[in-house]
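Data block below; observations after.
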Amino acid sequence: MKNYVLFFVIVLASQFGFSQKYSLEDFFIYDAELAQKTDSIFQTLSDTAKVGQMILPAGGRLGKSDEHLINLIQKKYITGILLLNGTKEGFTEMIKNFNKANKGLPLVYSADAEPSLIGYKIKNCIPVKKANQMLNREEVRKYATIICQELKEIGINYNYAPVVDMSPNEVISYRSFGDNADTAQAWANIFIQETQKNGIVATAKHFPGHGYVVGDTHKKLVYIDGEMKEVNNYIPLIKNGVLSIMVAHIAIKNNQKYNTNDMPATCSKKIVTDLLKKEMKFKGIITTDAMNMGGVSSIPNCELEAAKAGCDIILMPIDEEKALFDILKETKKNKQFEQQVFASVKKIIRLKICLGLL
C-alpha cells in the first residue's frame with residue numbers, strides 16, 4: 001500500500017508540475033506556511049531527538065567509525081555528519097549507507113571544502129586554486145561553482161567555507177583571501193552567494209576573527225588581545241544573507257566590553273548571543289568549530305557551555321551522547337534554556353526544509 005501511495009504522489013507531481021516549494025533564499029523570509037511546517041515537524045520529535053538535531057559528529061579517516069555513526073543515526077542522536085578526509089568516491093558511498101540506516105529526519109552532510117583545503121580533505125575532486133592564489137572576483141566565482149558541483153555529486157549540502165579571516169596568522173595563511181579587509185569581504189561574499197545559489201549552505205568563519213591572533217586553536221586556547229579587528233568583516237556578509245557562521249575557540253582579553261574571562265568565544269554568551277545574535281542581528285545557523293580541539297576540549301562540559309552561549313550546532317563533540325544528554329538534562333532544569341534550545345532546533349529543521357530534505 002505504501003509503495004502504491006508513493007507512486008501515486010510521484011505521478012501527481014509529474015502531471016501538475018509540483019516541485020520543491022522552498023529554497024535557501026527562503027530561510028530568512030517570513031512565511032507562515034514554512035513556519036507552520038517547521039513547527040509540525042518539530043512536534044513529531046521526542047525531546048531526545050530534538051536535542052539530537054544540534055549534534056554533528058565527523059566521519060571519514062579523521063572522524064568516528066561508520067559503525068559508531070550508524071549507531072548514533074539509528075538512535076536519532078545526530079543532525080548530520082561532517083565528512084573529514086577521504087575520497088570523493090568513498091564519501092559518496094558513505095552517504096548512501098548512512099541514508100539507508102536513517103529512519104529519522106534527513107541528515108545534513110558537511111565538509112571543509114575551502115578552496116585551499118578541498119584537495120586535501122576530499123581526494124579526486126577537480127583541482128582549484130587556493131584562496132590566497134586567486135587573482136580576481138571571476139576566479140572566486142569560477143572555483144566556488146566547481147566546488148559546489150563536486151559537493152553536489154557527493155551529496156554534501158553544507159560547506160564550512162569561506163574563511164573570512166585575514167592572512168597573518170600561520171594557521172590561516174593560504175586559507176585566506178588575503179590581508180585586505182575590503183577584498184576579504186567582497187570575495188567571501190561572492191563565494192557565499194555562489195555557494196547558496198547552488199543550493200549549498202555557506203559558512204563564514206572563524207568568528208570573531210582568527211587572522212591576527214598568535215597560535216593555533218587546534219592545540220590550545222588563543223587570544224584576541226584588545227580590539228577585535230576582523231569582526232566587521234561579517235557585517236556585509238550577514239546583510240547579504242550568509243546562512244551559517246562558525247565561531248572559533250578564541251578568547252578575548254583587554255577588551256572592556258567583550259572580555260571572555262579566559263573562555264573561548266564558542267562558550268561565551270557575550271560573544272555568541274550578545275554580539276553575534278543581538279548586536280549584529282544574525283538570525284542564521286551558528287556552529288561551533290570542532291569541539292575536540294585543544295582550544296576548548298579541556299573545559300568541563302564544553303558542549304553544554306557552547307549551547308548555553310547560544311550555538312545551534314555542536315560540531316564534533318568528543319562524546320556525542322554525553323553532549324546530547326548534558327544539554328537535555330539542562331533543558332529540564334532551566335525553562336529559558338529549553339526555549340533557546342528549541343529555537344535552535346527549529347532553525348535547523350527550517351534549514352533542512354529549505355535544503356529540500358524535508
Side-chain angles (χ1 to χ4, degrees), residues 24-25 27-28 110 112-116 131-132 137 140 144 158-169 171-172 175-197 200-213 217 222-252 255 257-260 264-289 295 306 309-313 315 344 347 351:
L24 292 180
E25 292 181 353
F27 181 84
F28 291 116
S110 57
D112 286 312
E114 306 168 20
S116 301
N132 69 330
R137 296 172 182 227
V140 177
Y158 197 137
N159 192 2
Y160 298 133
V163 168
V164 186
D165 308 313
M166 303 292 94
S167 59
N169 176 267
V171 179
I172 300 304
R175 298 167 62 190
S176 165
F177 287 122
D179 59 4
N180 180 286
D182 291 338
T183 300
Q185 289 174 7
W187 291 15
N189 184 59
I190 291 169
F191 189 96
I192 290 163
Q193 297 307 316
E194 196 66 32
T195 298
Q196 294 180 177
K197 185 174 74 177
I200 294 172
V201 178
T203 307
K205 65 183 187 185
H206 304 80
F207 187 86
H210 203 304
Y212 293 113
V213 303
T217 53
V222 301
Y223 289 81
I224 294 173
D225 191 349
E227 180 189 0
M228 294 185 290
K229 298 177 182 178
E230 298 168 274
V231 75
N232 287 339
N233 288 358
Y234 290 85
I235 294 173
L237 306 182
I238 292 170
K239 183 179 178 181
N240 288 320
V242 65
L243 286 163
S244 173
I245 289 177
M246 178 181 285
V247 182
H249 307 311
I250 295 173
I252 295 92
N255 185 313
K257 186 174 182 180
Y258 298 111
N259 196 314
T260 62
T266 343
C267 299
S268 171
K269 192 166 188 176
K270 190 181 294 185
I271 300 300
V272 179
T273 295
D274 296 344
L275 174 59
L276 183 53
K277 287 185 175 181
K278 293 181 179 178
E279 289 185 41
M280 300 181 76
K281 296 180 171 56
F282 181 61
K283 308 295 184 186
I285 305 295
I286 300 174
T287 179
T288 69
D289 207 340
C311 295
D312 303 306
I313 290 180
L315 179 64
S344 290
K347 277 199 288 185
L351 184 71

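Excluded from the calculations below are hydrogen atoms, water molecules and symmetry mates; all remaining heavy atoms, backbone and side chain alike, are included. Numbering starts at 1 and runs along the sequence shown.
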Begin with the C-alpha distance, continue with both residues' side-chain angles, and end with the deciding distance and a verdict on side chain to side chain contact (heavy atoms under 4.5 Å, CB included) for L24 and V201.
CA-CA 8 Å; L24 292 180; V201 178; 4.2 Å; yes
So that I can tick it off, tell me whether K205 and D112 are bridged by a salt bridge, with the cut-off set at under 4.0 angstrom between side-chain N and carboxylate O.
yes
With heavy-atom distances below 4.5 Å as the criterion, would you say the side chains of V247 and D289 are in contact?
no
Student check: side-chain heavy atoms of L276 and F207 closer than 4.5 Å
yes
Report yes if the side chains of V163 and F177 come closer than 4.5 Å at any heavy-atom pair, otherwise no.
no
What residues form a side-chain contact (heavy atoms from CB on, under 4.5 Å) with A309, not counting sequence neighbours?
V272
Test side chain to side chain donor-acceptor pair (under 3.5 Å) applied to T203 - qualifying residues, sequence neighbours left out
S244
Should the pair R137-E194 be classified as a salt bridge under the 4.0 Å nitrogen-to-oxygen rule?
no
Residues passing the ring-ring contact (aromatic ring centres under 6.0 Å, His included) test with H249, sequence neighbours excluded, are none
Considering only heavy atoms from C-beta outward, does the side chain of E114 approach that of Y160 to under 4.5 Å?
no
Taking only residues two or more places apart in sequence, or in another chain, which ones meet N159 in a side chain to side chain donor-acceptor pair (under 3.5 Å)?
none
Working to the nearest 0.5 angstrom, can you tell me the gap between K269 NZ and L275 CG?
14.5 Å
Kindly say whether L237 contributes a backbone atom to a donor-acceptor pair with the side chain of N189 at under 3.5 angstrom?
no
Minimal non-hydrogen separation, T260 against S268, with atom names:
CG2-OG, 3.7 Å
Side chains of I200 and Y158 in contact at under 4.5 Å (non-hydrogen atoms):
no
To the nearest 0.5 Å, what is the distance between OH on Y212 and CD on E230?
6.0 Å
For V164, is there any backbone N or O sitting under 3.5 Å from a side-chain donor or acceptor partner on N233?
yes
Of D312, I313, T266, which meets side-chain contact (heavy atoms from CB on, under 4.5 Å) against I286?
D312
Any T288 side-chain heavy atom under 4.5 Å of M246 side chain
no
Check the angle between the aromatic planes of H210 and H206 and answer parallel, tilted or perpendicular using the 30° and 60° thresholds.
perpendicular
Heavy-atom closest pair, residues A131 and P115:
N-CB, 4.0 Å
Please check if the side chain of Q196 supplies one atom and the backbone of L243 the other of a donor-acceptor pair under 3.5 Å.
yes
Quick check: do T195 and I192 have side-chain heavy atoms less than 4.5 Å from each other?
no
Holding to side-chain contact (heavy atoms from CB on, under 4.5 Å), I want the full list of residues that pass it with N180, two or more places apart in sequence or in another chain.
D182, T183
Check A265 against I271 and note the closest heavy-atom contact, atom names and distance.
CB-CG2, 3.8 Å
Would one find more than 12 heavy atoms of other residues, nucleotides or ligands at under 6.0 Å from atom CD of E279?
yes
Contacts of F191 that satisfy ring-ring contact (aromatic ring centres under 6.0 Å, His included) - sequence neighbours left out:
none
Looking at every heavy atom in both K281 and I238, which two are closest together, and how far apart are they?
O-CG2, 4.2 Å
Minimum heavy-atom distance G284-F28, with the two atoms named:
N-CE2, 3.5 Å
Apply side chain to side chain contact (heavy atoms under 4.5 Å, CB included) to Q193 and V242, showing your working.
CA-CA 8 Å; Q193 297 307 316; V242 65; over 6 Å; no
What's the shortest heavy-atom distance between I224 and P208, and which atoms?
CD1-CG, 3.9 Å
